[in-house]
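Written below as structure tokens is the structure these notes are about.
Chain A is the first sequence line, chain B the second, and so forth, proteins listed ahead of strands; every chain is numbered from 1. Since this is a predicted model, take the numbers as computed values, not measurements.
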There are 2 protein chains.
Amino acid sequence: MKPKKRTTIYDIAEKLNVTPSSVSRALNNSNYVNETTKKLILKTAEELNYKRNTLASNLRKGQSKTIGVVVPRINQNFFANVIAGIEDATYKQGYNLIICQSNESYEKEVQSINTLINQHVDCIVISVSVDSKNYKHLQNVLDHGIQLIQFDRVVEELETLKVINDNEQASFEAVNQIIEQGYKRIALLEGPQNLAIFRQRKTGYLNALAKNNMPVIDELIIENAWTKELGAKATRKLLGLKQPPDAIFASTSDFSALGVLEVATAMNFKVPSQLGICGYSNEDFTELTSPSITTIDQFSFYMGKTVANLYFQEMENNDTIVVPKIISIKPKVIMRTSTQKLKKD
Amino acid sequence: MKPKKRTTIYDIAEKLNVTPSSVSRALNNSNYVNETTKKLILKTAEELNYKRNTLASNLRKGQSKTIGVVVPRINQNFFANVIAGIEDATYKQGYNLIICQSNESYEKEVQSINTLINQHVDCIVISVSVDSKNYKHLQNVLDHGIQLIQFDRVVEELETLKVINDNEQASFEAVNQIIEQGYKRIALLEGPQNLAIFRQRKTGYLNALAKNNMPVIDELIIENAWTKELGAKATRKLLGLKQPPDAIFASTSDFSALGVLEVATAMNFKVPSQLGICGYSNEDFTELTSPSITTIDQFSFYMGKTVANLYFQEMENNDTIVVPKIISIKPKVIMRTSTQKLKKD
DNA sequence: CTGAAAGCGCTTACAG
DNA sequence: CTGAAAGCGCTTACAG
């Protein structure tokens with residue numbers, strides 16, 4: 001298939017015996033064109049099936065009206081919804097999204113960032129991969145004068161715009177509610193502690209125990225149990241203890257909680273009467289399992305919209321220096337069957 | 001935040017007292033540069049934190065190394081996996097993906113297509129929205145000399161590259177297996193018949209009935225039941241019939257099947273003993289419901305890879321005219337609990 | 001191997 | 001309101 005010659009503003013200009021300047025002005029709806037010629041130009045453009053070459057336009061204008069998004073995976077509801085939120089807000093403004101998946105790999109993340117820089121995107125939105133080793137690539141974004149917005153999994157020490165959840169508070173409330181249901185030995189599946197969100201969730205858990213005068217039991221805290229498989233593995237270990245837990249808070253993700261549920265069911269632990277389970281993120285499937293899984297909603301779509309609006313807002317005062325801004329969204333515990341010990345099951 | 005002046009090949013050239021031509025050559029790893037100056041240029045580029053301006057490069061070269069993808073929704077496993085497959089194959093070749101969601105809206109689909117044309121993508125990959133009214137926008141892609149590849153939900157009359165499933169065959173096999181399990185009155189939830197995939201699935205259903213000498217019962221065929229809500233609504237109607245069906249084939253999607261399951265459970269129909277349920281697409285959640293839902297796997301990730309490879313293959317013989325090619329992938333019935341009548345439940 | 005020059009398709013300050 | 005011209009940052013045919 002041969003790329004065909006496309007209609008350009010020169011073609012239109014030639015046909016109408018005006019200059020490309022005028023065509024460009026008409027196409028951009030400038031006031032500095034005669035109304036009738038403007039209409040004529042627009043009509044001709046339509047006829048010749050003209051499409052602006054955004055590449056050329058952006059090159060000339062020095063901006064791309066494109067926002068790059070880098071997320072670990074697009075097929076998790078949380079990220080898909082954030083993206084949908086960003087899209088919803090940017091779409092009307094004529095912005096494009098380039099979406100990249102890091103697949104939780106540092107190398108892929110770096111390469112994605114480089115691609116986006118090359119593409120001259122106006123802004124990069126990122127939730128870092130768990131595998132991220134250092135943040136030179138993010139600093140690099142800043143060095144190129146590209147707006148950087150972090151969300152959810154943020155690198156705290158990097159001073160950029162951020163949209164986050166109050167993980168600590170959410171985690172605290174979830175564990176409190178679990179305790180209220182009468183659970184006594186609550187295990188924690190924690191995520192890689194290099195990510196702030198997982199540290200915060202752990203802190204919330206510890207605070208809730210402290211507030212309720214419950215001891216911290218080391219063997220009930222399992223490191224690095226953040227995928228379904230690792231959650232399952234951790235559960236096998238926990239339920240095999242002499243004194244197994246009566247509840248497991250998979251603070252890392254619903255996927256991990258799903259692993260817990262599957263192993264618990266396989267080992268004939270009754271959920272929620274013998275074992276309470278709580279996940280994190282409110283993935284769609286948590287409603288479908290049996291029993292349904294208690295989790296924490298992060299208002300992902302709204303997070304996405306917030307990210308986009310933060311960018312537009314920041315653009316407005318583009319002559320001043322960026323003031324690092326952090327927007328924190330309060331998540332909400334969604335109490336479902338998997339932790340309803342009080343209710344007869 | 002002020003966009004900073006970026007390093008260009010002129011900056012490098014100036015510093016090294018060579019011409020931009022040489023810098024460009026070195027950066028493109030051409031052989032027509034002295035080896036030592038090449039190394040020097042590369043080193044200097046690194047030092048000055050040079051990033052190629054892809055916009056300029058693409059404008060000059062007349063190609064963008066970008067593929068546009070338009071899908072109804074990215075947060076359905078099927079589409080997310082196809083995208084992941086495309087990405088996997090294109091990533092290594094240095095291609096970028098621009099992902100757009102039509103949200104099942106015709107207007108949004110048209111706008112997405114226009115954006116992608118403006119962006120001068122090299123190829124557009126699309127699965128059309130259910131709402132698509134006509135195909136001028138797709139014809140327009142072709143008219144602009146942009147490669148167009150349709151997958152899954154394809155417009156048959158448009159002669160483009162296509163990657164599809166053998167929907168009829170898969171549907172036929174699924175219904176056959178349902179019949180083998182001893183179900184006698186099998187209802188069909190059909191999708192909007194303007195889409196070929198839904199017509200084909202219906203044909204498969206009818207063929208299976210015919211093969212087994214089973215009558216087609218009109219009241220058991222429900223039109224336009226392709227979302228969870230519509231699936232639920234259809235089920236309420238079906239289960240309220242004097243002679244309700246003993247199985248429902250939600251040929252449209254697993255979401256529809258989920259609606260069926262929820263209503264059936266609410267109405268105290270036992271699945272699978274009183275009612276068999278089969279969905280379509282093998283969304284992740286079908287494994288998690290109780291009972292788990294029988295469905296049809298479309299090899300989505302592989303579909304995505306196939307799409308990408310089809311494009312690359314087509315590029316190789318770029319001097320000849322495009323021969324419309326259709327690649328059909330055979331889906332696979334995944335038998336789960338929701339249709340296992342024979343097995344004691 | 002290297003340079004000078006043209007050009008990809010736009011936009012916009014400048015002059016009228 | 002309109003045109004001529006420069007320039008965004010690259011690449012590449014041409015000449016040497």
Choosing from [options], which nucleotide comes nearest the side chain of [X]?
X	options	answer
B:Asn53	D:dG3, D:dG9, D:dT12	D:dG9
B:Tyr50	D:dC10, D:dA4, D:dG9	D:dC10
A:Val18	D:dG9, C:dA4, D:dG3	D:dG3
B:Arg25	D:dA4, D:dA13, D:dC10	D:dA13

Output the rounded distance in Å from [atom1] ([X]) to [atom2] ([N]).
X	N	atom1	atom2	result
B:Asn17	C:dA4	CG	P	11 Å
B:Leu55	D:dC8	CG	P	14 Å
B:Asn58	D:dC8	CG	C1'	14 Å
A:Glu14	D:dG3	CD	P	14 Å
A:Ile9	D:dT2	CD1	P	15 Å
A:Lys61	D:dC8	NZ	C1'	12 Å
B:Lys51	D:dC10	NZ	P	13 Å
A:Leu59	D:dG7	CG	P	14 Å

Do any N or O atoms from the side chain of [X] and from the backbone of [Y] form a donor-acceptor pair under 3.5 angstrom?
X	Y	result
B:Ser30	B:Tyr32	yes
B:Lys108	B:Gln101	yes
A:Glu104	A:Ser129	no

Contacts of type ring-ring contact (aromatic ring centres under 6.0 Å, His included), residue B:Tyr95, not counting sequence neighbours: B:Tyr311, B:Phe312

For B:Tyr302, give me all partners under ring-ring contact (aromatic ring centres under 6.0 Å, His included), at least two apart in sequence or on another chain. none

Between A:Ser57 and C:dC10, is there a side-chain N or O to OP1/OP2 distance below 4.0 Å?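 A:Ser57 to C:dC10 OP1/OP2: no side-chain N or O under 4.0 Å.
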
Given B:Ile126, which of B:Ile113, B:Val69, B:Ile149 fulfils the side chain to side chain contact (heavy atoms under 4.5 Å, CB included) condition?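 Single side chain to side chain contact (heavy atoms under 4.5 Å, CB included) partner of B:Ile126 among B:Ile113, B:Val69, B:Ile149: B:Ile113.
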
Partners of A:Thr54 by side chain to side chain contact (heavy atoms under 4.5 Å, CB included), sequence neighbours excluded?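 Expected list: A:Asn58, B:Asn118, B:Gln119.
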
Dot-bracket notation for DNA chain D, counting Watson-Crick and G-U pairs under 3.5 Å, with | for partners on another strand: |||.||||||||.|||

Reckon [X] touches a base, only the sugar-phosphate, or nothing at all at heavy-atom distances under 4.0 Å?
X	value
A:Ser21	base
A:Ser24	base
A:Arg52	sugar-phosphate
B:Asn28	sugar-phosphate

For the residue pair A:Asn96 and A:Lys65, confirm or rule out a side-chain donor-acceptor distance under 3.5 Å.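 There is no such pair between these side chains.
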
With a 3.5 Å cut-off and no angle check, do the side chains of A:Ser127 and A:Gln150 form a donor-acceptor pair?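 A:Ser127 vs A:Gln150: no donor-acceptor pair found between side chains.
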
Base D:dC10 to side chain B:Tyr10, donor-acceptor N/O within 3.5 Å cut-off: yes

Determine the interatomic distance between P on D:dA13 and the same-named atom on D:dG9; round to the nearest Å.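 Going atom to atom, P in each nucleotide, I get 23 Å.
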
Taking the C1' atom of each, how far is C:dG16 from C:dT12, in whole Å? 16 Å

Judged by each residue's nearest nucleotide on DNA chain C, which is more toward the 5′ side, B:His120 or B:Ser22? B:Ser22

Tell me, which of residues 30-48 of chain B have any heavy atom that sits under 4.0 Å from an atom in DNA chain D? none

Salt bridge (charged side-chain N to carboxylate O under 4.0 Å, His left out): which pairs involve residues 110-132 of chain A, sequence neighbours left out?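 Sorted pair list: A:Asp131-A:Lys133.
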
B:Phe151 and B:Phe78 aromatic ring geometry - parallel, tilted or perpendicular at 30°/60° bounds: tilted

